[in-house]
Structure formats: structure tokens, C-alpha cells
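To start, the structure itself, in C-alpha cells.
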There are 2 protein chains.
Amino acid sequence: MPIEKETEQKIFEAAQKIFQKSGFEGARMQEIADEAGINKSMLHYYYRNKDTLFMTVFQSSVKKIMPQLFGTLASDIPLREKVEQIVEFYHDMFLKNPQLPAFVIYEMNQHPQRFKDFIGSMGVQLPEVFIDQVEDAVDSGKLRSITGDQFFMNVVSMCMMPMIARNMVQTVLQLTDDEYIDFLNERRKIIPSVIFNGLII
Amino acid sequence: MPIEKETEQKIFEAAQKIFQKSGFEGARMQEIADEAGINKSMLHYYYRNKDTLFMTVFQSSVKKIMPQLFGTLASDIPLREKVEQIVEFYHDMFLKNPQLPAFVIYEMNQHPQRFKDFIGSMGVQLPEVFIDQVEDAVDSGKLRSITGDQFFMNVVSMCMMPMIARNMVQTVLQLTDDEYIDFLNERRKIIPSVIFNGLII
DNA sequence: GAATAGTTCAACCATTTGGTTGAACTATTC
DNA sequence: GAATAGTTCAACCAAATGGTTGAACTATTC
């Protein structure tokens with residue numbers, strides 16, 4: 001008898017894969033069961049119903065994206081390093097889990113009310129340290145006038161958009177899969193540079 | 001007898017609303033019929049089936065996002081003006097149709113193969129004029145080294161990400177709906193400034 | 001090794017969903 | 001004003017889907 005992964009764990013991983021691929025509405029319980037290589041009623045045994053299974057997967061996904069981001073933002077390092085760390089983190093994460101950002105953002109849009117409590121309860125909000133850091137840099141004349149919110153938005157946009165809109169961008173730019181990976185990796189250096197220095201020499 | 005909008009048109013508009021809200025899988029034919037205020041079998045009379053109805057809506061949506069963008073990129077104006085026009089265009093479009101960008105990008109990710117031909121057949125690709133313009137600016141030392149592809153990606157990212165991830169961003173930044181509109185409108189000036197000048201003074 | 005708790009599954013069920021049908025109604029044409 | 005083509009709808013249908021049940025199987029406990 002081969003030592004198998006726990007059934008519950010197999011279900012979770014299968015659900016993660018199928019939900020990320022098809023979204024909540026598009027995912028089929030049977031497909032998840034097939035992917036996990038078990039009977040459909042197992043899904044209900046371990047996770048009462050589709051909603052519970054989905055929420056388990058979704059919450060785990062959010063935890064892969066958020067805490068590290070806000071941890072870095074709250075840390076005691078210079079602004080430029082924060083940006084560099086965040087850019088590296090998101091690009092590393094994408095290589096491991098390309099569908100994750102699109103999944104979280106789409107489902108978040110579908111049921112905003114449902115998740116606001118959850119997100120809120122995670123203590124996920126822009127750290128004061130970071131806001132102050134941007135404010136101080138602006139006040140002391142080191143940065144052009146900008147709010148912490150907008151600064152944050154710029155960094156996250158430049159990182160995540162190419163991951164979320166991958167298929168559209170890849171089609172428009174006519175890149176192969178490998179070329180797209182290269183394209184993304186180039187951005188590790190481009191993003192901090194554009195954010196801080198802009199393009200004009 | 002009041003002069004009513006054509007049934008076909010009412011169906012199209014209802015379908016647009018429901019598909020954008022719920023996605024292909026989440027949308028229900030009955031819901032679309034209710035929204036249009038007609039019987040469900042009307043949907044099938046005018047648009048054979050769910051797929052046909054969806055494709056009609058989807059293609060119309062793509063046409064609202066793409067042609068103007070690539071028209072501006074291909075036009076004979078300075079680079080900075082192109083960026084400014086694109087930023088204005090997307091922010092105006094968002095005010096009229098907040099769900100449109102997320103809809104197109106999500107569905108494009110769901111069925112990439114299905115739409116590659118369609119997108120391709122629209123002649124949607126990065127115009128040579130634009131690529132050359134960036135190249136020339138780099139060669140003549142006016143811009144830091146960057147490709148047209150990456151330049152384009154930066155502009156589109158900064159514009160569209162806050163529209164696509166609205167609910168996540170709004171939750172994290174704890175903004176009301178009105179505040180979020182203001183937040184977006186501020187970006188009309190911020191984006192060209194960051195792209196060209198960066199933040200460091 | 002019997003009793004117990006935990007685990008697995010085939011068969012089933014109720015509901016929902018996309019889609020069909022045929023009759024009725026309306027506007028137009030001649 | 002009869003015939004025709006186009007339009008609307010209530011009632012139906014087959015398939016798919018999330019969920020349930022009860023029996024059997026397995027590991028653990030005493």
C-alpha cells in the first residue's frame with residue numbers, strides 16, 4: 001500500500017487548481033474530484049459544500065499575496081528597497097503560481113461584500129510607516145508630490161497587471177510563452193527605475 | 001402603444017450588463033431575460049444560444065477598448081501626448097463603464113485560444129510608428145533605455161490596474177466610492193508624470 | 001478480536017440550466 | 001381583408017449540477 005497524501009490535502013490542491021483555472025462559477029465539483037482522483041462525495045465529507053471548499057482555497061490564496069506585501073511595506077528599510085523587494089516578491093510568486101493574482105482579484109470583484117470583512121480582519125491596510133515615509137520624502141523635497149496611496153498603486157499596478165492580463169498582452173505583443181517570461185523578468189529592474197527615475201534622462 | 005426600443009437591442013444591453021457583472025459562467029439566461037423585461041425564448045430567437053449572445057457582447061466590448069488605444073499609438077503626435085491621450089481615454093471610459101476592463105481581461109484569460117484569432121483579425125498589434133518613436137527617443141538620448149513593449153506595458157498597467165482591481169484596492173485603502181473616483185481622477189496627471197519624470201526630483 | 005470512530009464510494013435525488021416547441025399575436029403586403 | 005412573414009410567450013424537456021444517503025471498508029482502541 002503506497003503512502004498517499006492525505007485525501008483532504010489532495011482535495012485542497014485539486015480545488016485550488018480548478019478554482020484558479022475556472023473561477024467559482026466555472027468550477028465543477030466533479031472536475032475537482034477527478035483532479036484529486038477521488039469520489040465526489042469525499043469533497044462534501046471534508047468540506048461541507050462548494051462554498052466552504054471555495055472559501056478555504058480563496059483565503060489561502062489571499063494569504064499568499066497579502067501578508068508578505070504588507071510586511072515589507074511596514075518594515076524599517078528605505079523606500080527604494082521596499083519597492084525592489086515587492087517587485088521581486090511578486091515576480092517570484094508569479095513563476096510559481098501564474099494564475100493566483102487574476103484569481104484573487106476576479107473573485108474579489110465578484111463578491112466584494114463577502115470578502116470585505118475577511119480582508120479587513122486580516123489587518124490588511126496600508127501601514128502608517130509607509131505612508132509617513134512617502135510623506136517625509138515629499139516634505140523634505142526628495143520626491144515629487146505624491147500620496148502614499150498613489151505611490152502604492154503605481155508599484156502594484158506595474159507588477160500585477162502583466163500577470164493578470166497575461167493572455168491579452170501576450171496576444172497583442174505576439175510573444176511566445178518563453179518570451180513572456182523573459183519580458184516579465186526584465187521588469188524586475190524596469191519597475192523600480194521607472195517609479196523613481198522616470199524615463200527622461 | 002409606447003415606442004419601445006427594439007427587443008434585440010434590449011437583449012443586447014441586458015446581456016452586456018449581466019455578462020459584465022457575472023462573467024460567462026456566472027450569467028444566467030433567465031437573468032438576462034428578466035433584465036431585458038422579455039421572455040427567455042426571445043434570447044434564443046435573436047441570438048441562437050448563450051455562446052452567440054456572449055460572443056456578440058464580448059466582441060463589442062473589445063472594440064470599445066482596443067481600436068482607440070491603437071489608433072492613438074499609431075497617430076503622428078509626440079510620445080508624451082500619446083501617453084496623455086491614452087490615460088484620458090481609459091479614465092473617461094471607466095467612468096462610463098467601470099466593469100468593462102475587468103470583463104474583457106478575465107474572459108480573455110478563460111478562453112485564450114478562442115479569442116486569439118478574433119483579436120488577431122482586428123489587426124490589434126503594437127504599431128510600428130510607436131515602436132520606432134520609443135527607439136528613436138532612446139537612441140537620441142532623450143529616454144533611458146527601454147523597449148516599446150515595456151513602455152506600453154507600463155502605461156497600460158498604471159491605467160487599468162486600479163480599474164480591474166477596484167474592490168481589492170478600495171478595501172485596502174479604505175476609500176468610499178466617491179473617494180475612489182477622486183483617487184482615479186488624480187491619476188490622470190500622476191501617470192504621465194511618473195512615466196516620464198519619475199518621482200525623484 | 002470485538003467495538004468504535006473515521007473514511008470511502010456507488011447510487012440516488014431535487015433543482016437549476018440551457019434550450020425547444022407550438023400556438024397566438026402583430027404588422028405588413030397584396 | 002386574406003395571406004404572409006416576423007415576433008412574442010407559456011409550457012416543456014433533457015442534461016447537468018450540487019448535494020445526500022447508506023452501506024462497506026479500514027484503522028485504532030480496549
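Every chain is numbered from 1 and lettered A, B, ... according to where its sequence line falls, protein lines coming before strand lines.
Annotation: proximity of residues 20-39 of chain A to DNA chain D (heavy atom, distance under 4.0 Å) is found for A:Ala27, A:Arg28, A:Met29, numbered in ascending order. Less than 4.0 Å separates DNA chain C from at least one heavy atom of each of the following residues of residues 40-50 of chain B: B:Lys40, B:Ser41, B:His44, B:Asn49, B:Lys50.
The number of heavy-atom neighbours closer than 6.0 Å to NZ of A:Lys116, taken from other residues, nucleotides and ligands shown, is above 12. The 12-atom threshold is not exceeded at NZ of A:Lys189, counting heavy atoms of other residues, nucleotides or ligands nearer than 6.0 Å.
Stretches of at least 3 consecutive Watson-Crick or G-U wobble pairs, with each checked distance under 3.5 Å, appear in DNA chain C as C:1-30 with D:1-30.
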### Task
List the steps and the verdict of side-chain contact (heavy atoms from CB on, under 4.5 Å) for B:Leu126 and A:Leu173.
CA-CA 7 Å; B:Leu126 220 47; A:Leu173 299 185; 3.6 Å; yes
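Per the geometry, CD belonging to B:Gln9 stands 15 Å off P belonging to D:dT7, to the nearest Å.
Partners of A:Asn185 according to the side chain to side chain donor-acceptor pair (under 3.5 Å) rule, which considers only residues two or more places apart in sequence or in another chain, are A:Arg188. With sequence neighbours left out, A:Asp139 forms a salt bridge (Lys or Arg N to Asp or Glu O under 4.0 Å) with no residue at all. Taking A:Ser60 as the reference, nothing meets the side chain to side chain donor-acceptor pair (under 3.5 Å) condition, with sequence neighbours excluded.
B:Phe19 and B:Phe24 have parallel rings, their planes meeting at less than 30° on a 0 to 90° scale where 60° marks the start of perpendicular. In this structure, A:Phe130 and A:Phe152 have perpendicular ring planes: the angle between them is above 60°, well past the 30° mark.
At least one side-chain heavy atom of A:Phe183 sits less than 4.5 Å from a side-chain heavy atom of B:Gln150.
Side-chain N or O atoms of A:Glu179 include none that pairs as donor or acceptor with a backbone N or O of A:Gln170 at under 3.5 Å.
For the OP1/OP2 pair of C:dT8 and a distance below 4.0 Å, the side-chain nitrogens and oxygens of A:Thr7 include at least one atom meeting the criterion.
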